[in-house]
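In this text the structure is predicted, and so the values were computed from the model without any measurement.
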Amino acid sequence: MTPTSLKRRLSVWGSALLVTCTLPGCLSARAPESSAEVDTAYRPPAQVQATPDRQVAQTESSGKGAEAEDDAFATEFAAPKTPAPKEKARTAAQSPVATGAVAGGTLGPAGAVMPEPLVAPPPPSSTVARRDAPAKKEMSSQPFADRKAPKDGMDAADTASAQSGNSFEAWKPNLFIDTVKDPLSTFAADVDTASYTVARRYLVQGALPPASSVRVEEFVNYFKYRYAPPETGAFTVHLEGAPSPFDSKRHFVRVGVQGKVISRSQRKPAHLVFLIDTSGSMNSQDKLPLAKEAIKIAVKNLNENDTVALVTYAGSTRDVLPPTPATDVKRITDALDSLQSGGGTAMGSGMELAYKHAVKKASGNVVSRVVVLTDGDTNIGPNLGAQSMLESIHKYVAEGVTLTTVGFGMGNYRDDLMEKLADKGNGNCFYVDSYKEAKKVFETQLTGTLEVIAKDVKLQVEFNPVAVRRYRLLGYENRDVADNDFRNDKVDAGEIGAGHNVTAVYEVELTGDTKESLATVRVRAKAPNGTEASEQAFPFQRALLRPSLEAASPDFRFAVAVASAADILRGNPAAENWSLATAQKLAEGAAAGDADRNEFVRLVTQARALMGASARGN
């Protein structure tokens, strides 16, 4: 056992014992103002469970119409009481832009752009119960050295999570690269957000997320940035840089891609096949019941020319509803209400049946998509893994059917499978931990971005060795593309839907006072129904590098705050001298009244409390 491993284990055991001894006092103590914000947003399960009469009374007294209705649903899908843990687990402590189009657009400078979730059900029972955050004066503002990922990329939380049935795939973080040796950084676009929502669920329940569950790019891309949309073409590209708040010798640079916006009335008709897991593992309130409500939300936001079909899988597959106009809400709702959980999990067979339905309507004039709602568990049938599932339906994917995977619940959640399916199925991966998140995903992200505006989107940043000594990309490890495959149009990459934005953050070391450009950013993509890609190049001029962090745009500062916090949470050795306190302060100054951003600040407060206990050892 290495000294680092021994140190981690002692810290983990000591933290667990600490929490056991001090939990009653923590729960009874009045939390400070910053922690009170966390408690207001995340009420303990015992406080939010209400009888139907209470739900009605709350709805009637609120006087806020639809908002009150949402609160009633939030109460209904509140977390069940956390069972007593069976074992101890660790408590760890205005920017110029370049514009361009995928096809037929012109390039040129553009103007500067300045610009309470529901309680989640508890994470696996092996995690300790939630405790209030300590007072500000007790919070550690020091880097959390003990949150180092071991050589295999796993930590104690991963072990506990795996024992509870949850599965995440660990990726080795990107290292610093000498620009002289390799100036090219190439990756596929990614607009998944599941990792952030999974982490939020853990933090809400008083536990740090497993290191392997944290994907930096999904944290960053969970949030919307105020990038100006293109006046023509499919994209605008926004570039900006500023000094690092963690190291005076380094800078952060940001690459932002904004897709064109297509209004709901202008988009193509959509055919959605909802593939619903009704197996026995979907029995809890935060799984099948929440999934059914999520679909109802989606249906209410579809157009009159859209159609919906329902397929279920458990021990066998079943056609529940043939293609039905989205306007026939009652028929769709009745079909959903009839669903009950029970049986095994033949996910592979269900996928094939759903794709057979979806491909019947797939064409250049119709958006055809399969939406899988599941906890990711699969235990029977001919195709159990992501690769075998996708091989069985590859011909349908090639005909233009896209895939969205939406995860629910914990205890046997297959995050690794869900992400692979979405990546290989030319789609997106989400995780729903609450009714509020269901509304965000199914009301805004799914129905609002149904139409793909570009496919196989690749980004390549060529750093100038005269200006940049070293660089590293924060995240996107699982979206890496070989540099020589950037112009290989047979290599699959990411899709971008209407209104999507994609953000990537680099940490760089500059060479000195040269006036040369830092880099050239290239974007290569195909039209939705095209086979050949178009490519645009955008120079990262020195003028886009701000003299101070305060001079950078709020969007830039917030993206850096999120990326750095995620890098700390996953225990990246490159971030071991970074501080969550600095990330929190940076996020606070860039929240700009945005609800999602303010929630992020509260979550960082919670993470600091959890990490601080272990780092201080008291």
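- With Lys526 contributing its side chain and Asp489 its backbone, the two residues share a donor-acceptor pair below 3.5 Å.
- Using a 4.0 Å cut-off between charged side-chain N and carboxylate O, Glu535 and Arg487 make a salt bridge.
- Of the charged side-chain nitrogens involved, none lies within less than 4.0 Å of a carboxylate oxygen, so that Lys458 and Asp492 do not count as a salt-bridged pair.
- Taken from OG1 in Thr324 to CG in Asp306, the straight-line distance is 12.5 Å, to the nearest 0.5 Å.
- No hydrogens or angles considered: nothing links the side chains of Asp433 and Thr197 as a donor-acceptor pair under 3.5 Å.
- Here Arg524 does not pair with Asp485 in a salt bridge; the nearest charged N to carboxylate O distance is not below 4.0 Å.
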Practice problem: Check step by step if side-chain contact (heavy atoms from CB on, under 4.5 Å) holds for Met347 and Leu417. | Solution: CA-CA 11 Å; Met347 187 178 187; Leu417 177 63; 4.0 Å; yes
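- Side-chain atoms of Leu239 and Val253, non-hydrogen and from C-beta on, never get closer than 4.5 Å to each other.
- With rounding to the nearest 0.5 angstrom, the CD1 atom of Ile262 is 10.5 Å from the CG atom of Leu450.
- For the pair Lys439 and Glu443, the tightest heavy-atom approach, listed with the atom from each and the gap, is O-CB, 2.7 Å.
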Exercise. Go through Tyr227 and Val237 one step at a time and tell me if the side-chain contact (heavy atoms from CB on, under 4.5 Å) criterion holds.
Key: CA-CA 9 Å; Tyr227 301 152; Val237 175; over 6 Å; no
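- Using a cutoff of 4.0 Å between basic side-chain nitrogens and carboxylate oxygens, Glu217 and Arg479 are not scored as salt-bridged.
- Side-chain atoms of Ser167 and Asp416 include a donor-acceptor pair closer than 3.5 Å.
- A donor-acceptor pair under 3.5 Å links the side-chain atoms of Ser213 to the main chain of Pro210, judged by distance alone.
- Gln258 is not listed as a side-chain neighbour of Phe235, based on a closest heavy-atom distance of 4.5 Å or more.
- Annotation: side chain of Met282 is not in contact with side chain of Leu290 (no heavy-atom distance under 4.5 Å).
- Side-chain contact check for Val452 versus Val367: every heavy-atom pair is 4.5 Å or farther apart.
- The CG atom of Leu473 sits 8.5 Å away from the CG atom of Asp480 when rounded to the nearest 0.5 Å.
- Side-chain contact between Val191 and Asn221 is absent, with no heavy atoms from C-beta onward closer than 4.5 Å.
- Gln460 and Thr186 are linked by a side-chain donor-acceptor pair at a separation below 3.5 angstrom, with hydrogens and angles left out of the test.
- When every heavy atom of Leu302 is checked against every heavy atom of Ala326, the shortest pair comes out as CB-CB, 3.8 Å.
- Shown here is Asn365, whose CG atom has no more than 12 heavy atoms of other residues, nucleotides or ligands within 6.0 Å.
- By the 4.5 Å heavy-atom criterion applied to side chains, Leu569 and Leu208 are counted as neighbours.
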Quiz item: What do the steps show when you test Val311 against Val320 for side-chain contact (heavy atoms from CB on, under 4.5 Å), and what is the final call?
Solution: CA-CA 5 Å; Val311 176; Val320 176; over 6 Å; no
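- At distances below 3.5 Å, not a single donor-acceptor pair connects side-chain atoms of Asp567 with backbone N or O atoms of Ala575.
- The pair Glu451-Arg267 does not count as a salt bridge, with every side-chain nitrogen at least 4.0 angstrom from each carboxylate oxygen.
- Only one option out of Phe219, Tyr222, Phe600 pairs with Phe558 in a ring pair (Phe, Tyr, Trp, His ring centres under 6.0 Å); it is Phe600.
- Residues Asp555 and Phe223 fail the side-chain proximity criterion, which asks for heavy atoms closer than 4.5 Å.
- Using cut-offs of 30° and 60° for the angle between ring planes, the Phe187 and Tyr476 rings count as tilted.
- To the nearest 0.5 Å, atoms CZ (Arg522) and CZ (Phe538) are separated by 11.0 Å.
- Applying the ring-ring contact (aromatic ring centres under 6.0 Å, His included) test to pairs two or more places apart or on separate chains, those with a residue in residues 400-431 are Tyr413-Tyr431.
- Classification of Arg215 and Asp415 as a salt-bridged pair holds, one side-chain N sitting under 4.0 Å from a carboxylate O.
- Side-chain N or O atoms of His500 include one that pairs as donor or acceptor with a backbone N or O of Gly497 at under 3.5 Å.
- Between Glu477 and Arg570 there is a salt bridge, since at least one side-chain N of the basic residue sits less than 4.0 Å from a carboxylate O of the acidic one.
- Classification of Asp596 and Arg200 as a salt-bridged pair fails, no side-chain N sitting under 4.0 Å from a carboxylate O.
- When atom types are taken as modelled, the side chain of Glu507 and the backbone of Arg472 share no donor-acceptor pair closer than 3.5 angstrom.
- In summary, Lys440 and Glu437 do not engage in a salt bridge, as defined by a charged side-chain N under 4.0 Å from a carboxylate O.
- The nearest pair of heavy atoms linking Leu474 to Ser564 is CD2-N, 4.5 Å.
- What you find for Asp192 and Asp190 is that their closest heavy atoms are N-OD1, 2.9 Å.
- Ser368 contributes atom OG, which lies 11.0 Å from atom NZ of Lys360 (distance to the nearest 0.5 angstrom).
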Validation: residues 270-281 side-chain donor-acceptor distances under 3.5 Å, sequence neighbours left out:
{"residue": "His271", "atom": "ND1", "partner": "Thr307", "partner atom": "OG1", "Å": "2.7"}
{"residue": "Asp277", "atom": "OD1", "partner": "Ser279", "partner atom": "N", "Å": "2.9"}
{"residue": "Asp277", "atom": "OD1", "partner": "Ser279", "partner atom": "OG", "Å": "2.7"}
{"residue": "Asp277", "atom": "OD2", "partner": "Thr374", "partner atom": "OG1", "Å": "2.8"}
{"residue": "Thr278", "atom": "OG1", "partner": "Tyr313", "partner atom": "O", "Å": "3.4"}
{"residue": "Ser279", "atom": "OG", "partner": "Ser281", "partner atom": "OG", "Å": "3.2"}
{"residue": "Ser279", "atom": "OG", "partner": "Thr345", "partner atom": "OG1", "Å": "3.3"}
{"residue": "Ser281", "atom": "OG", "partner": "Asp375", "partner atom": "OD2", "Å": "2.8"}

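- Closest of all the heavy-atom pairs between Met410 and Asp286 is N-OD2, 4.2 Å.
- Residue Ile177 holds its CD1 atom at 6.5 Å from OG of Ser185, rounded to the nearest 0.5 Å.
- The closest donor-acceptor contact from the side chain of Lys296 to the backbone of Thr333 lies at 3.5 Å or more, if one exists at all.
- Side chains of Gln266 and Ser263: a donor-acceptor N/O pair is present below 3.5 angstrom, by distance only.
- Of all heavy-atom pairs between Ala189 and Val502, the closest is CB-CG2, 4.3 Å.
- In terms of modelled atom types and a separation under 3.5 Å, the side chain of Thr236 and the main chain of Ala228 share a donor-acceptor contact.
- A donor-acceptor pair under 3.5 Å links the side-chain atoms of Asp594 to the main chain of Arg597, judged by distance alone.
- Between Glu495 and Lys455 there is no salt bridge, since no side-chain nitrogen of the basic residue lies less than 4.0 Å from a carboxylate oxygen of the acidic one.
- For residues 317-333, the set of pairs meeting the salt bridge (Lys or Arg N to Asp or Glu O under 4.0 Å) definition, not counting sequence neighbours, comprises Lys330-Asp334.
- Looking at Asn572, its side chain does come within 3.5 Å of a backbone N or O of Ala574 through a donor-acceptor pair.
- Using a 4.5 Å cut-off on side-chain heavy atoms (C-beta onward), Leu184 and Asp182 make contact.
- Side chain of Tyr396 to backbone of Thr402: no donor-acceptor contact under 3.5 angstrom is found.
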Quiz item: side-chain hydrogen bond (donor to acceptor under 3.5 Å, both in side chains) between Arg254 and Thr503: does it pass, once the steps are laid out?
Solution: CA-CA 7 Å; Arg254 181 213 64 200; Thr503 299; 5.9 Å; no
